[in-house]
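Working notes, structure below.
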Number of protein chains: 2
Amino acid sequence: MKTTIYDVAEKAGVSISTVSRVINNTGRISDKTRKKVLEVIEALEYQPSLVATALTGKRTGTIGLIIPDVANPFFAEIARRIEDQCREIGFSLLICNTENNPDTEEMYLDLLKQKSVDGIIIGTISRNQYVIEEYLQEKLPVARIAYDQPDWRIDAVLVDYFLGGHQAVSHLVQLGHKKLAIMTGNRSHAGNKLCYEAFRQVIAENGLALREEWLIETDSTMEDGRQKALEILSSSDRPTAIFASCDSLAIGVYQAAKTIGLRIPEDLSVVGFNNTILAAVVDPPLTSIAQPIQEMGRQVVELLMREMEGEKAVKQRVFLAPELIVRGSTKKWESAR
Amino acid sequence: MKTTIYDVAEKAGVSISTVSRVINNTGRISDKTRKKVLEVIEALEYQPSLVATALTGKRTGTIGLIIPDVANPFFAEIARRIEDQCREIGFSLLICNTENNPDTEEMYLDLLKQKSVDGIIIGTISRNQYVIEEYLQEKLPVARIAYDQPDWRIDAVLVDYFLGGHQAVSHLVQLGHKKLAIMTGNRSHAGNKLCYEAFRQVIAENGLALREEWLIETDSTMEDGRQKALEILSSSDRPTAIFASCDSLAIGVYQAAKTIGLRIPEDLSVVGFNNTILAAVVDPPLTSIAQPIQEMGRQVVELLMREMEGEKAVKQRVFLAPELIVRGSTKKWESAR
DNA sequence: AATGAAAAGGAAAGCGCTTGCTCCTTCATC
DNA sequence: GATGAAGGAGCAAGCGCTTTCCTTTTCATT
């Protein structure tokens with residue numbers, strides 16, 4: 001049988017209150033008693049039941065993370081960093097995959113609440129705003145990471161997508177590219193929209209021509225990237241550089257380029273977004289905008305903690321600066337060509 | 001305040017026992033009462049506290065997964081499939097990253113036990129055999145996935161690495177390759193060892209020459225793969241095909257080949273192992289041995305469940321057959337060259 | 001209408017822990 | 001030696017639920 005606090009109390013010849021106090025370092029306990037109790041705990045290999053502890057109103061020491069899919073490298077990395085941070089502060093992480101299905105997400109929100117997690121981190125574009133607002137009312141801390149929905153009043157740690165897009169496009173322009181295309185996922189999502197706006201702005205600032213047919217909006221999958229890229233690259237009047245709002249899209253561009261016989265970076269420069277492991281692995285390595293995922297994880301957990309401690313009244317959104325990682329997929333454009 | 005079973009009982013004009021019975025569908029309850037209670041539950045949006053439920057001796061509905069790193073695509077996929085399976089049966093998953101550090105692993109084992117998880121799945125080469133045996137004694141189900149340690153008496157779902165290695169090498173031999181190299185991670189791990197043995201056996205069966213310097217054992221990282229590959233590929237008398245015991249190693253080979261100016265698959269065929277997303281993304285797409293991860297996840301959870309139900313007395317190890325996924329990195333060897 | 005078995009539902013004892021309250025010791029102080 | 005303030009430690013309530021016993025109803029039988 002599992003040893004309980006009673007076993008310890010009995011063997012140490014004290015009451016369970018005393019044992020509890022020793023463990024939690026609360027109340028006054030004489031050194032002698034404390035020592036005795038600790039010895040017994042050691043001897044019995046006693047470990048308090050976190051379930052029972054949780055029931056008495058303290059924390060469960062668990063936080064929930066809701067993301068579309070851990071098998072997606074970007075979210076895997078997010079999960080990893082958040083888990084690291086949680087471990088650091090003695091929490092553990094319950095990871096939930098929604099597949100971008102709002103019903104699954106709602107189911108998980110319910111479940112996390114039933115499990116009395118101490119906080120929830122949301123890494124999806126969520127359609128459960130009202131549920132979450134209810135949670136916040138009930139003092140269950142919730143924060144968002146990576147995805148933004150501007151109409152939500154909620155703590156969030158985000159990347160400045162506009163800045164990221166700006167860096168990516170500026171990089172291409174500085175390399176001498178004049179014929180630029182952009183490929184984003186659904187622009188109703190803030191991140192994609194901001195990339196798009198940054199693109200337009202940089203193009204405008206530099207007095208370059210904006211080609212409507214090179215402003216592509218599609219699903220964020222490799223296959224969609226490939227198909228759309230195939231379309232714009234097939235023409236002889238094609239862009240010399242493409243900025244993709246995520247790495248998978250960029251890799252789709254790689255595939256299209258290969259089919260057509262275009263060399264990267266000689267004939268076409270490509271910039272991705274998120275700097276996932278995929279970017280490092282493709283040939284040539286993909287220039288990509290990196291989100292500071294570790295820092296994001298750190299900060300989102302911190303926001304949650306402060307909310308748990310009841311220290312925070314004001315919701316906040318933190319925008320971290322992304323970083324351009326230059327690899328082999330971008331190259332100076334020789335106008336001689 | 002959160003609504004409890006008492007609130008429901010009061011509003012429905014029954015005792016909490018009755019509410020509990022309605023929820024769990026136990027005991028005898030008249031349809032009328034049941035209906036009334038359900039209505040109140042609905043109205044109050046009552047959701048039982050799983051913490052309290054767990055304390056009364058029932059399950060926590062949580063299982064723990066211990067892996068080296070979710071950010072590694074192979075383990076991310078494993079985590080994903082196990083999570084899917086857990087959700088199916090109403091469980092949730094606590095994911096723990098050990099970084100292959102035995103102390104971290106032990107810490108997590110303790111933690112999972114304290115959290116009263118209903119079972120633990122281990123996806124690491126573990127050095128905590130004694131701890132785990134203790135858990136099994138205490139009826140805390142534990143099972144392994146992906147990694148085998150033959151001296152453990154424990155439920156496990158594995159892939160038949162020998163078969164996988166055999167398929168990979170046979171594939172290369174059938175393509176006409178006569179000069180084969182193998183690159184594995186640490187051969188003290190069963191999987192690597194079996195790949196190695198399969199390699200030797202196929203070579204022997206086909207009367208091919210075995211070159212000691214082409215039997216490479218190294219760390220399972222891209223960088224190590226690159227360096228070792230560089231060494232054996234630099235010589236003019238080099239292998240025409242390499243079997244790598246994991247995809248990262250294979251990608252290291254890609255990088256080395258590129259440096260030297262060897263084309264894949266024309267000058268060099270490469271086969272990887274695990275069929276991670278990386279295999280699909282590199283150019284040319286990597287031929288790789290796929291582990292049936294979904295099925296593995298399904299079965300490991302099932303083993304755990306049966307253990308929980310107390311149905312099983314005999315430990316078992318299930319070996320699933322891997323599958324060769326032929327892509328663009330392997331090609332018939334023209335002896336004319 | 002009396003009888004007893006089956007049906008329905010309540011009371012209460014935990015599960016393992018935290019914590020407010022209370023009570024008993026010690027000492028230092030006068 | 002009497003007095004009172006700390007210091008130590010125990011009692012018991014309670015967290016929200018499950019489950020064993022028991023009591024009360026209900027209803028078919030005679």
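Protein chains get the first letters and strands the later ones, always in sequence-line order, with residue 1 at the start of each. Just so you know, these numbers come straight off a predicted model, no measurement behind them.
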>> Evaluate Glu309(B) against Arg306(B) for salt bridge (charged side-chain N to carboxylate O under 4.0 Å, His left out), listing each step before the verdict.
In response: CA-CA 5 Å; Glu309(B) 312 287 357; Arg306(B) 287 176 54 201; over 6 Å; no
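- Every residue two or more places apart in sequence or in another chain was checked for a side chain to side chain donor-acceptor pair (under 3.5 Å) with Ser220(B), and none qualifies.
- For dG9(C), one of the phosphate oxygens OP1 or OP2 lies less than 4.0 angstrom from a side-chain nitrogen or oxygen of Ser30(B).
- Across all strands, Ile23(A) comes closer than 4.0 Å to no nucleic acid atom at all (heavy-atom distances).
- Inspection of the Thr33(B) and Ser30(B) side chains reveals an N or O donor paired with an N or O acceptor under 3.5 Å.
- Residue Arg34(B) contributes atom CZ, which lies 13 Å from atom C1' of dA7(C) at whole-angstrom precision.
- Between Leu55(A) and Val19(B), the one whose closest nucleotide on DNA chain D sits nearer the 5' end is Leu55(A).
- Within 3.5 Å, no donor on the side chain of Tyr6(A) pairs with an acceptor on the base of dC15(C), nor the reverse.
- The existence of a salt bridge linking Asp148(B) and Arg317(B) is confirmed by a sub-4.0 Å separation between a basic side-chain nitrogen and an acidic carboxylate oxygen.
- Remark: Arg81(A) engages Glu77(A) in a salt bridge, criterion side-chain N to carboxylate O under 4.0 Å.
- The shortest distance between the side-chain N/O atoms of Thr18(A) and the OP1/OP2 oxygens of dG10(D) is below 4.0 Å.
- For the residue pair Arg80(A) and Gln294(A), no side-chain donor N or O sits within less than 3.5 Å of a side-chain acceptor on the partner.
- One interatomic measurement links the two molecules: NZ of Lys36(A) to C1' of dG8(D), which rounds to 17 Å at whole-angstrom precision.
- At whole-Å resolution of the value, CD1 in Ile29(A) and P in dT18(C) are 12 Å apart.
- For Ile16(B) and dA11(C), the CD1 to P distance is 10 Å, given to the nearest whole Å.
- With respect to Asp7(A) and Lys11(A), no salt bridge is recorded, no charged nitrogen being found less than 4.0 Å from a carboxylate O.
- Summarising the local packing, CD of Glu10(A) is surrounded by 12 or fewer heavy atoms from other residues, nucleotides or ligands at distances under 6.0 Å.
- Side-chain N/O atoms of Thr62(B) and Lys115(B) include no donor and acceptor closer than 3.5 Å.
- The closest side-chain donor-acceptor pair between Thr98(A) and Asn100(A), if any, does not fall under 3.5 angstrom.
- In this structure, Glu138(A) places its CD atom where more than 12 heavy-atom neighbours from other residues, nucleotides or ligands lie under 6.0 Å away.
- Residue Thr33(A) is in sugar-phosphate contact alone, with no base atom involved, counting any heavy-atom pair closer than 4.0 Å across all strands shown.
- Between Lys315(A) and Glu307(A) there is a salt bridge, since a side-chain N of the basic residue sits under 4.0 Å from a carboxylate O of the acidic one.
- The separation between Ile5(B) atom CD1 and dT19(D) atom C1' is 12 Å, rounded to whole Å.
- Lys35(B) NZ: 12 or fewer foreign heavy atoms inside a 6.0 Å radius.
- One atom, NZ of Lys115(B), and another, C1' of dG16(C), lie 16 Å apart when rounded to the nearest Å.
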Return the polar atom pairs (N/O with N/O) between nucleotides 4-7 of chain D and the protein under 3.5 Å, or none.
residue	atom	partner	partner atom	Å
dG7(D)	OP2	Arg28(A)	NH1	3.2

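- The closest side-chain donor-acceptor pair between Glu105(B) and Asn128(B) falls under 3.5 angstrom.
- Across all strands shown, Val14(B) has heavy atoms under 4.0 Å from sugar-phosphate atoms exclusively, and none from any base.
- Considering only side-chain N and O atoms, Ser15(A) lies under 4.0 angstrom from the phosphate OP1 or OP2 of dG10(D).
- Distances shown here put every side-chain N or O of Thr53(A) at or beyond 4.0 Å from the OP1 or OP2 atom of dC17(C).
- Contacts of Ser49(A) with the nucleic acid, taken as non-hydrogen atoms under 4.0 Å apart, involve only primed sugar atoms and P, OP1 or OP2.
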Under 3.5 Å, N/O pairs linking protein and nucleotides 20-25 of chain C:
residue	atom	partner	partner atom	Å
dG20(C)	O6	Arg21(A)	NH2	2.6

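- For residues 37-48 of chain A, proximity to DNA chain C is found at Tyr46(A), Pro48(A), defined as any non-hydrogen atom under 4.0 angstrom from a strand atom.
- For Asp160(A), the salt bridge (charged side-chain N to carboxylate O under 4.0 Å, His left out) criterion is met by no residue, not counting sequence neighbours.
- Rounded to 10 degrees, the angle separating the terminal axes of the helix from dA1(C)-dT30(D) to dC30(C)-dG1(D) is 50°, with each axis obtained from five end pairs.
- Counting to the nearest Å, the P atom of dG16(D) and the CG atom of Asn24(B) are 17 Å from each other.
- In this structure, CG of Asn25(B) is placed 14 Å from P of dG9(C), rounded to the nearest angstrom.
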